[in-house]
Amino acid sequence: MNEAPARLSLAEWDVRYDTLRQRGLREAWYGGSLSRHVEHGDRRLLSLRFDNSPAALRLWNLLLTEEERLHAARAGGKKIVGAMKDLGTVPILAYAVPGLVAFYPDGAWWIPCLMEGSAGLLAKAGALGIDDTFCPVRAMLGAFETQRHFPIPDLLTCSVGATCDDFSAIAQRLEHMGHPIHWWEIPHRRPAEPGEEQTLLPTGATVAQSEIAFVARELERLRRVLQDLAGRSISLDDVSASIRAANVVRRLLCALRDAVYGSPCCPLPALEMLIAEVLPVHFCSDRSETEAVLRELLAEVVRRVHCGSGILPQSAVRLFWVNPVADLRIPRLVEDCGGRICGADYMFCHAQATIPENVPPLEALAMAALSDPMAGTAVDRGRWICREARRFGAEAMVISRIPGASHCATEGEIIRRVVTRELPHLPVIEFEVPSVADALLPTLQTRVEALIETVRLRKVKP
Amino acid sequence: MKHVYYTSPFVPPVWIAAHGLKPCLMNVSARDTGTGTSPGECPYARAVINQASRRDDSLFVLTATCDQMRRAAEWLSLEFEQRRGKDEKAKDPYDLDSPVFLLNVPATWHSAARDRYRAELARLGRFLVRKGGRSPDASDLRESLRSGRLQLHVPHTDPVGVRTTAVPLAVVGGPLMEEHAELYRVIERNGGSVALNGSEGCERSQVTPGDASEFVRDPLGMLTALYFDSIGDAFRRPDSGLARWLVPRIEQRSIRGVVFYAYTWCDLWRAQYVSLAEAVKLPSLLLELGGEERLSAGTITRIQAFMESLR
Ligand code: SF4
Ligand code: SF4
């Protein structure tokens with residue numbers, strides 16, 4: 001099954017799927033052909049390109065069956081935790097005991113794109129008073145209202161404090177719609193002042209120890225709420241074990257990032273990498289499957305790197321990408337223009353960093369939560385971006401703004417300022433990508449092409 | 001005496017005064033939005049940055065009560081650093097030299113959050129001392145309380161006066177730039193009377209002076225009780241404090257309609273409109289304000305139409 005890496009259309013994948021089956025492809029229980037998801041409404045798949053490996057097939061199937069698996073978990077007697085906003089912390093507490101399954105309703109961010117707007121979630125959110133001046137995560141409100149996507153969670157949690165105003169406002173609206181929320185606080189991350197103890201976080205930022213202590217107390221409140229839901233105690237040992245299991249996933253993802261972004265041959269498309277990068281956030285509602293998917297992807301990538309075979313020519317221009325894109329066609333657009341994404345800050349890099357295992361578990365989780373780029377300054381975020389861009393040899397940078405997002409206006413400018421200082425020769429462009437970017441695609445394409453052209457010209461005339 | 005500028009009702013001016021510094025409420029004007037805002041940027045936050053960056057020898061206490069203001073504080077801090085020729089590469093925005101202090105007001109209400117607000121006020125105190133203020137003793141505390149510096153009061157949002165023949169209205173929203181206080185006059189010119197003022201810096205965020213001896217005994221405890229425990233705001237979670245403040249007063253004052261306003265890109269106040277309008281069960285109007293120096297013709301027409309529907 002070791003064909004040359006390629007990007008296939010959905011129809012091409014169907015043919016390949018049949019061939020693989022004939023050759024004895026073994027799949028997880030949620031496996032199957034990709035095109036069946038179109039019948040369930042994910043029409044955007046028709047315009048995407050997919051990596052041709054069985055590992056990528058498994059990744060897509062894990063992603064696209066999440067709602068189904070959540071419904072099955074509920075039917076099997078599990079309690080569902082809807083963690084909101086913190087991206088990566090609450091699920092580790094929830095998965096510390098077997099009776100709970102956690103997911104992020106925030107993931108509805110991508111539904112308007114996947115279903116090409118046919119679910120009408122953004123319109124529903126608009127009718128609930130949350131219009132297009134808010135970030136696309138407002139689709140989540142529509143999903144709660146229609147109840148046609150994920151199951152309504154048994155418990156909702158939401159981190160507030162140093163978060164975006166969009167989410168805070170939308171979650172509050174959700175509570176007014178009759179969905180009670182357990183609010184917990186992640187404060188703005190500040191360094192220690194004279195006389196205070198300072199701690200280095202897994203992402204390299206620093207924080208006053210008192211902030212960690214505060215968040216650890218918040219997590220203790222959460223632990224009690226989750227215990228009540230699970231009907232059993234969640235001991236600190238349980239939490240430690242869950243941290244260790246999460247770290248296995250995080251390390252796998254880091255190894256995958258290093259292998260893909262660090263390789264000269266681009267062994268995996270940017271779209272599959274975007275999905276892989278989101279997995280550690282809540283393990284796509286199944287921790288052991290996430291681990292298996294990442295192992296398989298990593299093995300495939302290592303094999304491809306070893307053979308020097310990639311999906312793009314080695315001349316592809318190396319771009320560093322800042323912020324997630326709500327329209328999943330954008331990574332392909334970049335690749336079709338002659339670029340490749342060789343590093344990204346999709347705003348969940350804190351869910352990829354290894355959580356300390358040598359400190360008390362709630363303190364360790366507090367450190368993970370405080371590593372969120374959202375909690376710190378844009379300068380901190382900019383520095384992390386520069387380190388990563390340097391590490392992976394980026395030749396240009398794209399800051400993609402998220403429509404309506406409260407952080408993007410000022411943050412983008414500060415990040416640019418930091419990048420201009422630290423990497424003065426790196427060309428940077430910034431543009432906005434809506435959930436369904438049809439009208440903008442030609443403009444975006446022109447801008448990406450121009451960026452790539454600039455880099456190429458520089459290579460010719462140093 | 002060094003001036004300390006602030007904008008939020010969660011910054012107690014009395015605490016700044018007790019350190020021997022002069023608390024100054026920033027009178028934010030639409031003129032300060034300057035050449036305009038970047039896409040997605042709140043014009044009020046931009047105006048704060050622009051006005052503050054002109055005041056070279058002052059201190060600034062901004063609050064992390066919304067994402068936009070938190071980032072405005074960072075931007076401002078970087079501006080000052082750059083002006084002093086500092087190398088941003090080596091610096092954090094809030095290093096010890098920065099004239100900008102970011103007060104982290106918790107969004108949640110529980111007891112640990114309360115303790116944290118108190119700790120933040122103590123941290124503010126240390127900042128003020130580092131910047132030339134003095135550690136307050138009992139007489140400083142007493143004096144600052146006596147001088148009436150407890151309130152954040154935005155004079156330009158004072159309604160003209162309640163007229164008995166006019167339709168009693170409530171105005172609810174966040175901060176208001178000087179020029180946009182025109183909306184009170186437009187309401188009043190069109191037969192309304194602002195009988196309940198829920199703008200920032202007005203009734204909603206006023207605190208009742210406490211007992212001086214209590215303040216001397218435990219200043220931070222009293223400030224926490226006065227400010228953190230009592231001011232409902234759009235950023236607080238849950239936000240129930242706002243409805244708790246608004247709904248009974250609507251009944252007591254026989255209010256017949258509510259005018260909400262929010263600056264463009266202000267998610268927190270914009271989202272409040274629907275929830276509060278549902279809670280008050282009265283005709284409501286949402287005005288979106290930009291960074292212009294006058295209320296737009298469209299805004300004025302909408303107020304007129306709303307008033308007409310109530311008369
Ligand atoms: S994309 Fe930005 S604005 Fe939207 S929910 Fe995420 S952090 Fe908030
Ligand atoms: S108007 Fe809204 S967005 Fe602007 S600073 Fe105030 S609360 Fe923040």
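In the text below, chain A, chain B and the rest are named by the order of the sequence lines, each starting its count at 1.
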Selection from [options] maximising heavy-atom pairs under 4.5 Å formed with chain B:
options	result
A:Pro191, A:Ala162, A:Gly404	A:Ala162
A:Arg190, A:Met177, A:Glu196	A:Arg190
A:Gly161, A:Ala405, A:Pro187	A:Pro187
A:Gly412, A:Gly129, A:Cys158, A:Ala378	A:Ala378

Residue part contacting chain B, namely of [X], when any heavy atom lies under 4.5 Å:
X	answer
A:Ile130	side chain
A:Ile170	neither
A:Cys164	both
A:Met374	both
A:Thr163	backbone
A:Ala171	neither

Ring-face cation of A:Arg417 near B:Trp75 (centre distance under 6.0 Å, axis angle within 45°) =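 Yes, a cation-pi geometry.
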Other residues, nucleotides, ligands: >12 heavy atoms within 6.0 Å of B:Lys131 NZ =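 Counting other residues, nucleotides and ligands, NZ of B:Lys131 exceeds 12 neighbours.
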Would you find a donor on one side and an acceptor on the other, under 3.5 Å apart, between the side chain of [X] and the backbone of [Y]?
X	Y	value
A:Asp165	B:Asp67	yes
A:Glu185	B:Thr108	yes
B:Arg237	A:Ser168	yes

Quick one: are A:Glu193 and B:Phe127 in side-chain contact, heavy atoms under 4.5 Å?
-> no
Test item: A:Thr410 and B:Arg46 side chains (from C-beta on) under 4.5 Å apart, heavy atoms |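 No, side chains not in contact.
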How about [X] and [Y]: does a side-chain donor come under 3.5 Å of a side-chain acceptor?
X	Y	answer
B:His110	A:Arg221	yes
A:His188	B:Arg70	yes
B:Gln68	A:Ser406	no

Atom [atom1] in [X], atom [atom2] in [Y]: separation rounded to 0.5 Å?
X	Y	atom1	atom2	answer
B:Arg71	A:Glu413	CZ	CD	12.5 Å
B:Glu278	A:His176	CD	NE2	8.5 Å
A:Phe167	B:Asp267	CZ	CG	12.5 Å
A:Gln172	B:Ser275	CD	OG	6.5 Å
A:Arg217	B:Ser111	CZ	OG	8.5 Å
B:Asn104	A:Arg189	CG	CZ	12.0 Å

Heavy-atom pair of closest approach, residues B:Pro39 and A:Ala409 =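 Nearest heavy atoms, B:Pro39 then A:Ala409: O-CB, 3.2 Å.
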With a 4.5 Å cut-off on heavy-atom pairs, point out which of B:Ala73, B:Cys66, B:Ala64 contacts chain A the most.
-> B:Cys66
Could you give me the CA-CA distance, side-chain angles and deciding distance for A:Glu218 and B:Arg116, then say whether salt bridge (Lys or Arg N to Asp or Glu O under 4.0 Å) is met?
-> CA-CA 12 Å; A:Glu218 288 295 87; B:Arg116 200 183 146 73; over 6 Å; no
Measure distances from B:Leu96 to the heavy atoms of chain A and classify the residue's part below 4.5 Å as side chain, backbone, both or neither.
->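 It is the side chain, since no backbone atom gets that close.
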B:Leu286, part contacting chain A, at a heavy-atom distance under 4.5 Å | neither
Show your working on side-chain contact (heavy atoms from CB on, under 4.5 Å) between A:Val379 and B:Leu78 and close with a plain yes or no.
-> CA-CA 9 Å; A:Val379 166; B:Leu78 292 172; 3.7 Å; yes
Could you walk me through whether A:Val160 and B:Arg236 pass the side-chain contact (heavy atoms from CB on, under 4.5 Å) test, one step at a time?
-> CA-CA 9 Å; A:Val160 282; B:Arg236 306 204 66 178; over 6 Å; no
